[in-house]
Amino acid sequence: MNKYTLPLKLKPRFETELIRLGKKNDGGYLISKKSLDTSSKLYSFGLDNDYSFEKDFFKKTNVEVICYDQTVNFKFFLKPFLFGHFSKLFQYLGYRFFFDGKKRKHIKKNIIPRGTFKLNHEVDAADINLIIKEISSNDIFFKIDIEGSEYRILSQLIKHSSHISGLVIEFHDCDLNLDKIINFVENFELQVVHIHVNNWSYISPSGLPRALEITFSPSKFNTEIKEEKKYPIELDQPNNPQFKDLPIEFI
C-alpha cells in the first residue's frame with residue numbers, strides 16, 4: 001500500500017491557520033488557531049492515559065478543561081504498577097496534579113445519549129444535550145476520541161453546532177461508517193479544514209483507512225482553498241512513528 005484513498009466528499013475545501021497541540025505522534029492533533037484563541041472552555045471526550053492535548057490547550061488559553069472518561073480511575077494506573085510498570089506511578093501523580101477538580105476536571109461518566117439503559121438500570125452518562133443545557137457559552141471546543149461511540153452523538157453535535165468554536169474528532173471503523181461520516185460533514189455547521197489518517201489502524205483492500213482524525217472550524221475563520229493541497233501537511237506527524245504517513249488520494 002503506497003497511498004490512502006478517501007471519498008472526494010471528505011476532501012477539505014476550506015483552510016485556516018492550524019496549530020498542533022499534544023505530544024508527538026499519537027495523541028497530538030491539528031486545530032484551528034482562531035478556534036483555540038476564541039474558545040472559553042474545552043470539553044474532551046476520551047482520556048485513557050494521555051492528556052497532553054488537554055495540557056497544551058490549558059497552557060495556551062487558561063480556560064476550563066473538562067474531560068469525560070469513565071474508564072480512567074485509580075485502578076487504571078494501579079494494575080500495571082503492580083505488574084512492574086513503575087512509570088505508571090508517575091503517570092498517576094501527574095494525572096492527579098493536572099486534574100485538580102477546579103479548573104481542570106475529570107468526570108468519570110460515559111459519553112452516550114442520556115437515558116441509555118443497561119439491563120435494568122440507566123447508565124450514568126452525559127451527552128452534548130446535557131452539557132449545552134447546563135452552560136450558556138457559545139464558544140466551546142470539543143475534542144472527541146471515544147473509540148466508536150462518536151457515532152452516537154453526531155446528531156447532537158449537528159444540533160448544537162452554533163455553540164461550538166472548534167472540533168477535532170477521531171472517527172473509528174470508517175469502512176463500516178463511511179456514510180455516517182459523510183452525512184455529518186455535509187450537515188455540520190462547521191467546515192472541514194484538515195484531515196489525517198491514524199496509521200495505527202487497518203487499511204481496507206481499496207486503501208480506505210479505518211481511523212480518521214478530522215478538524216472542523218467555523219466558517220468565519222476559514223477561506224476557500226484555491227490551489228491543490230496535499231495531505232498530510234508539514235505539521236502532521238504519523239501516529240505510529242515507525243511508519244511514515246502515506247499521501248491521501250481523494251476519489
Can you give me the closest heavy-atom contact between Phe250 and Leu8, atom names plus distance? CB-CD1, 3.8 Å
Let me confirm one number: the OG-CZ distance from Ser32 to Phe141, rounded to the nearest 0.5 Å. 8.0 Å
Name the one of Tyr43, Tyr95, Tyr68 that satisfies ring-ring contact (aromatic ring centres under 6.0 Å, His included) with His106? Tyr95
Ignoring hydrogens and angles, tell me if any N or O in the side chain of Asn239 forms a donor-acceptor pair with the backbone of Trp200 under 3.5 Å. no
If you count the non-hydrogen atoms of other residues, nucleotides and ligands that lie under 6.0 Å from NZ in Lys55, is the total more than 12? no
Would Leu154 and Ile169 count as a side chain to side chain contact (heavy atoms under 4.5 Å, CB included) here? Give the steps. CA-CA 10 Å; Leu154 293 183; Ile169 181 170; 4.1 Å; yes
Kindly indicate, with the supporting measurements, whether the criterion side chain to side chain contact (heavy atoms under 4.5 Å, CB included) is fulfilled by Lys109 and Val123. CA-CA 9 Å; Lys109 285 187 177 182; Val123 177; over 6 Å; no
Quick one, Asn25 and Pro238 - any side-chain contact, counting heavy atoms below 4.5 Å? yes
ILVMFWY cluster, Ile140 and Ile107 together (side-chain gap under 4.5 Å): yes
Which value, rounded to the nearest 0.5 Å, describes the distance between Phe188 atom CZ and His160 atom NE2? 11.5 Å
Just checking, any donor-acceptor pair under 3.5 angstrom between side chains of Ser39 and Ser165? yes
For Val63 against Leu42, the heavy-atom pair lying closest together: CG2-N, 4.3 Å
I'd like to know whether CZ of Phe97 has more than 12 heavy-atom contacts from other residues, nucleotides or ligands below 6.0 angstrom. no
Rounding to 0.5 Å, atoms CG (Leu212) and CG (Asp173) come to a distance of 11.0 Å
Quick check, are the ring centers of Phe14 and Phe216 under 6.0 angstrom apart? no
Whether Asp69 side chain and Leu47 backbone form a donor-acceptor pair below 3.5 Å: yes
Could you tell me if Asn222 and Glu15 have a donor-acceptor pair between their side chains, going purely by distance under 3.5 Å? no
Could you state whether Leu235 and Tyr231 fall into the same hydrophobic cluster, counting links through intermediate Ile, Leu, Val, Met, Phe, Trp or Tyr residues with side-chain heavy atoms under 4.5 angstrom apart? yes
Asn187 versus Asn183, side-chain donor and acceptor atoms under 3.5 Å: yes
Using only heavy-atom distances, determine whether the side chains of Ser44 and Glu54 contain a donor-acceptor pair under 3.5 Å. yes
Among Gln237, Glu213, Glu170, whose side chain to side chain donor-acceptor pair (under 3.5 Å) with His196 holds? Glu213
Are Thr215 and Ile195 close enough, and set up right, to give a side chain to side chain contact (heavy atoms under 4.5 Å, CB included), and what steps lead you there? CA-CA 6 Å; Thr215 302; Ile195 191 165; over 6 Å; no
Centroid-centroid distance, Tyr29 to His194, less than 6.0 Å: no
Donor-acceptor pair, side chain of Asn177 and main chain of Lys180, under 3.5 angstrom: no
For the hydrophobic clusters of this structure (ILVMFWY residues joined by side-chain heavy atoms under 4.5 Å, transitively), does one cluster hold both Phe221 and Ile19? no
So, the side chain of Glu122 versus the backbone of Gly115: is there a donor-acceptor pair under 3.5 Å, distance only? yes
Student check: side-chain heavy atoms of Leu36 and Lys60 closer than 4.5 Å: yes
Is there side-chain contact between Leu21 and Val168, with heavy atoms separated by less than 4.5 Å? no
Could you check whether Ser137 and Ser40, counting side-chain N and O atoms only, form a donor-acceptor pair closer than 3.5 Å? yes
Please examine the side chains of Ile164 and Leu157, heavy atoms only from C-beta on, and report whether any two atoms are closer than 4.5 Å. yes
Side-chain contact test, heavy atoms from C-beta onward, threshold under 4.5 Å: evaluate it for Leu208 versus Ile203 and give yes or no. no
Give the minimum heavy-atom separation between Gln156 and Ile128, together with the two atoms involved. OE1-N, 3.0 Å
Can Asp139 and His163 be counted as having a side-chain donor-acceptor contact under 3.5 angstrom? no
Shortest non-hydrogen contact from Asn199 to Lys244? ND2-O, 4.2 Å
Just so I know, are the side chains of Thr38 and Pro218 near enough to count as touching, which here means a heavy-atom distance under 4.5 Å? no
For atom CD of Glu186, decide whether the heavy atoms of other residues, nucleotides or ligands shown that lie under 6.0 angstrom number more than 12. yes
Interatomic distance, Ile111 atom CD1 to Phe142 atom CZ [nearest 0.5 angstrom]: 8.5 Å
Does Arg114 CZ have over 12 foreign heavy atoms under 6.0 Å away? no
Measure across Thr16 and Ser217 and return the closest heavy-atom pair with its distance rounded to 0.1 Å. CG2-OG, 4.1 Å
For Ile153, the option from Ile144, Ile158, Asn129 that meets side chain to side chain contact (heavy atoms under 4.5 Å, CB included): Ile144
Worked verdict on Phe117 versus Leu119 for side chain to side chain contact (heavy atoms under 4.5 Å, CB included): CA-CA 6 Å; Phe117 277 79; Leu119 297 179; over 6 Å; no
Salt bridge (Lys or Arg N to Asp or Glu O under 4.0 Å) with Glu64: which of Arg104, Lys102, Lys105? Lys105
Could you measure the distance from the CG atom of Asp127 to the OG atom of Ser149? Nearest 0.5 Å is fine. 12.0 Å
Test item: Lys103 side-chain N/O and Asn62 main-chain N/O as donor-acceptor pair under 3.5 Å: yes
Distance col, row Phe243:CZ vs Asn240:CG, nearest 0.5 angstrom, shows 6.0 Å
Does Ile182 share a hydrophobic cluster with Phe184, counting links as ILVMFWY side-chain heavy atoms below 4.5 Å and allowing steps through other members? yes
In terms of heavy-atom contacts, does NZ of Lys229 have more than 12 from other residues, nucleotides or ligands at under 6.0 Å? yes
Would you mind reporting whether Ile66 and Ile131 have side-chain heavy atoms less than 4.5 Å apart? no
Going by heavy atoms in the side chains, are Phe171 and Glu150 under 4.5 Å from each other? yes
What heavy-atom pair brings Lys23 and Ser52 nearest, and what distance separates the two atoms? N-OG, 2.9 Å
Considering residues, nucleotides and ligands other than Lys33, do more than 12 of their heavy atoms fall under 6.0 Å from its NZ? no
Between Asp236 (side chain) and Pro232 (backbone), is there a donor-acceptor pair under 3.5 Å? no
Quick one: do Ile135 and Phe45 end up in the same hydrophobic cluster if we chain Ile, Leu, Val, Met, Phe, Trp and Tyr together by side-chain heavy atoms under 4.5 Å apart? yes
Ignoring hydrogens and geometry beyond distance, is a side-chain donor-acceptor pair present between Asp145 and His172 at under 3.5 Å? yes
